[in-house]
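Please read the structure below before turning to the comments.
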Amino acid sequence: MKISIIKIGGNVIDFPDKLDEFLALFAKFPGNKILVHGGGVMASRFGESLGVMPEMVDGRRITDKDTLDIVTMVYAGLINKNLVAKLQALKVNAIGMTGADGNLIRSIKRPVKGIDYGFVGDIQEINVKLIDALLTAGLQPVVNAITHDKKGQLLNTNADSIASALATSLAAEHQVNLYFCFNKAGVLVDEKNDNSIIPLINEDIYAELRKENVIHSGMIPKLDNAFAALEKGVNHVWIGKAENLLLAAKGKLSGTTIERNRFDLY
Ligand SMILES: Nc1ncnc2c1ncn2[C@@H]1O[C@H](COP(=O)(O)OP(=O)(O)O)[C@@H](O)[C@H]1O
Ligand SMILES: CC(=O)N[C@@H](CCC(=O)OP(=O)(O)O)C(=O)O
C-alpha cells in the first residue's frame with residue numbers, strides 16, 4: 001500500500017491556530033497516513049518552569065532522569081492526547097502511541113561516545129506488523145518521541161529519527177513518502193528569510209551547507225534522517241512549511257526536496 005509519514009515540528013504544535021490549520025490539512029491528506037510528533041519547545045518551556053534547564057547538542061536533547069519525566073509527560077501525555085482528540089473531532093480515527101505501546105518502537109540507550117546523552121534511545125526495531133494491522137483497520141497512528149528498551153525503560157528519541165525509521169521499515173513492503181512539516185518554508189539559505197528556499201538538496205550540497213554552517217541545530221537531524229530514509233528505499237522526502245503539506249503531496253513546488261547524489265547514473 002501507499003503510506004505517507006508526516007512529521008510535525010514543535011514550533012507548529014506550540015501555536016494553536018497553526019496547529020489547527022495543519023490538522024485540517026492532515027485530515028484531508030489522501031490515503032494511509034501516520035502522524036509523528038515531538039514538541040521540543042513545549043518540553044523545554046515546561047522543564048524551565050520546573051527548574052530543569054534544556055541542554056541540546058546538535059539538535060538532540062541531553063536527557064537526565066528529570067528531563068525524561070518531563071518529556072514523557074509532555075510528548076506522550078499532553079501533546080499526544082490533544083492531537084488525538086483534535087483529529088477525532090475532524091473524523092480521523094487517530095490512535096495515539098508511544099514506542100512502548102504494542103512494542104511499536106524498541107530502542108537502545110545511546111552508548112556514551114564523548115557525550116553522555118542520558119536516557120536517549122537509538123531505534124533498533126519497528127513493529128511493522130502492528131502498523132499494517134492498524135492501518136488495515138482504518139486507524140491512523142499518532143506516534144510521539146518516547147520509545148522503550150523492552151526492559152522497562154522509556155527513552156527519549158528525536159522525532160525526526162522516529163519518522164525516518166518508520167518510513168524506512170515500512171518501505172520494504174510499501175510505497176512510502178516522508179514529509180517533514182515545520183514552521184519555515186523549507187531548508188533556507190538565510191533561516192530568517194522564507195524567500196531563500198533551497199529547492200533541492202543532495203549529499204554533496206548538504207556537506208557544503210554544513211561546512212558553511214548554513215545548516216545547523218535542529219536541521220541536522222532532519223537532513224541526516226532524510227538521507228537515511230532515501231538510502232533505504234523511501235520514495236520521496238520533503239521538508240517544508242506545515243501549511244504547504246497538500247501542495248507538496250500534489251507535487252507542486254514548495255519547500256525543499258531531498259535527493260541522493262546521482263553518481264549512479266554515470
Ligand atoms: N538552513 C536552515 N533552514 C531552516 N532552518 C534551519 C536551517 N538551519 C538550521 N535551522 C533550524 O532548524 C530548526 C528546525 O529544527 P527543529 O527545531 O528541530 O524542528 P521542528 O520545528 O521540526 O521541531 C529551525 O527552526 C531553524 O532554527
Ligand atoms: C533525543 C531528542 O532530542 N528528543 C527530542 C524529541 C522531541 C522532538 O524531536 O521534538 P521536535 O520535533 O519538536 O524537535 C527532544 O526531546 O527534543
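Both counts, for ligands and for their atoms, begin at 1 and track the order of listing.
Closest to atom 17 (O) of ligand 1 among all protein heavy atoms lies Asn11 ND2, 4.0 Å. Residue, atom and distance of the protein heavy atom nearest to atom 24 (C) of ligand 1 are Lys184 CE, 3.6 Å. In terms of protein heavy-atom proximity, atom 18 (O) of ligand 1 is nearest to Gly218 CA, 3.4 Å. Nearest to atom 10 (N) of ligand 1 among the protein's heavy atoms is Met219 CB, 3.7 Å. Scanning the protein heavy atoms around atom 19 (O) of ligand 1, the nearest turns out to be Lys222 NZ, 3.2 Å. From the protein, the heavy atom lying nearest to atom 3 (N) of ligand 1 is Leu188 N, 3.0 Å. Annotation: atom 11 (C) of ligand 1 to nearest protein heavy atom, Ser217 OG, 3.7 Å. The nearest protein atom to atom 26 (C) of ligand 1, hydrogens excluded, is given as Glu191 OE1, 3.2 Å; this is a heavy-atom distance.
The shortest N/O to N/O separation between Gly10 and ligand 1 falls below 3.5 Å. Inclusion of Asp160 in the set of residues having an N or O under 3.5 Å from an N or O of ligand 1 is not warranted. For ligand 1, the polar-atom distance check finds no N/O of Phe182 at less than 3.5 Å from any of the ligand's N/O atoms.
Under the 3.5 Å distance criterion, with hydrogens and angles disregarded, a donor-acceptor pair is assigned to the side chains of Ser161 and Asn225.
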Verdict with supporting geometry, Ile3 and Leu166, side-chain contact (heavy atoms from CB on, under 4.5 Å): CA-CA 10 Å; Ile3 304 175; Leu166 285 171; over 6 Å; no

Take Leu154 and Phe119 through the side-chain contact (heavy atoms from CB on, under 4.5 Å) test and state the conclusion after the steps. CA-CA 8 Å; Leu154 293 173; Phe119 293 102; over 6 Å; no

Passes side chain to side chain donor-acceptor pair (under 3.5 Å), Asp204 versus Asn261? Steps please. CA-CA 7 Å; Asp204 286 347; Asn261 285 346; 3.0 Å; yes

Quick one: do Lys211 and Glu208 satisfy salt bridge (Lys or Arg N to Asp or Glu O under 4.0 Å)? Show the steps, please. CA-CA 5 Å; Lys211 214 162 42 182; Glu208 201 56 39; 3.8 Å; yes

Stepwise, does the side-chain contact (heavy atoms from CB on, under 4.5 Å) test hold for Met53 with Glu48? CA-CA 5 Å; Met53 293 305 156; Glu48 279 168 24; 3.6 Å; yes

Does the salt bridge (Lys or Arg N to Asp or Glu O under 4.0 Å) test come out yes or no for Lys7 and Asp160, once each step is laid out? CA-CA 7 Å; Lys7 194 263 167 170; Asp160 294 335; 2.9 Å; yes

Taking it one step at a time, do Thr72 and Asp69 satisfy side chain to side chain donor-acceptor pair (under 3.5 Å)? CA-CA 5 Å; Thr72 303; Asp69 288 349; 5.6 Å; no

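Heavy atoms of Ala159 stay at 4.0 angstrom or farther from ligand 1. Using a 4.0 Å heavy-atom cutoff, Gly40 is absent from the residues neighbouring ligand 1.
Distances below 4.0 Å separate heavy atoms of Ile215 from the following atoms of ligand 1: 1 (N), 8 (N).
With Thr256 contributing its side chain and Gly186 its backbone, the two residues share no donor-acceptor pair below 3.5 Å.
Taking only non-hydrogen atoms, the option from Val214, Asn193, Leu209 nearest to atom 8 (N) of ligand 1 is Val214.
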Which pairs of nitrogen or oxygen atoms, taken one from ligand 2 and one from the protein, are under 3.5 angstrom apart?
unit_1, atom_1, unit_2, atom_2, d
ligand 2, 3 (O), Arg61, N, 2.8
ligand 2, 4 (N), Asn156, OD1, 3.1
ligand 2, 4 (N), Asn156, ND2, 3.4
ligand 2, 9 (O), Ala159, N, 2.9
ligand 2, 10 (O), Gly39, N, 3.2
ligand 2, 10 (O), Gly40, N, 3.3
ligand 2, 12 (O), Lys7, NZ, 2.5
ligand 2, 13 (O), Gly10, N, 3.0
ligand 2, 13 (O), Gly39, N, 3.1
ligand 2, 13 (O), Gly40, N, 2.9
ligand 2, 16 (O), Arg61, NE, 2.7
ligand 2, 16 (O), Tyr75, OH, 2.7
ligand 2, 16 (O), Asn156, ND2, 3.0
ligand 2, 17 (O), Arg61, NE, 3.2
ligand 2, 17 (O), Arg61, NH2, 3.1
ligand 2, 17 (O), Tyr75, OH, 3.4

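Remark: Lys222 is positioned above the aromatic ring of Phe182, its terminal NZ or CZ atom under 6.0 angstrom from the ring centre and at most 45 degrees off the axis.
Here the CZ-NZ distance, from Arg106 to Lys151, works out to 8.5 Å after rounding to the nearest 0.5 Å.
More than 12 heavy-atom neighbours from other residues, nucleotides or ligands sit within 6.0 angstrom of CD on Glu243. Within a 6.0 Å radius of NZ in Lys109, more than 12 heavy atoms belonging to other residues, nucleotides or ligands are found.
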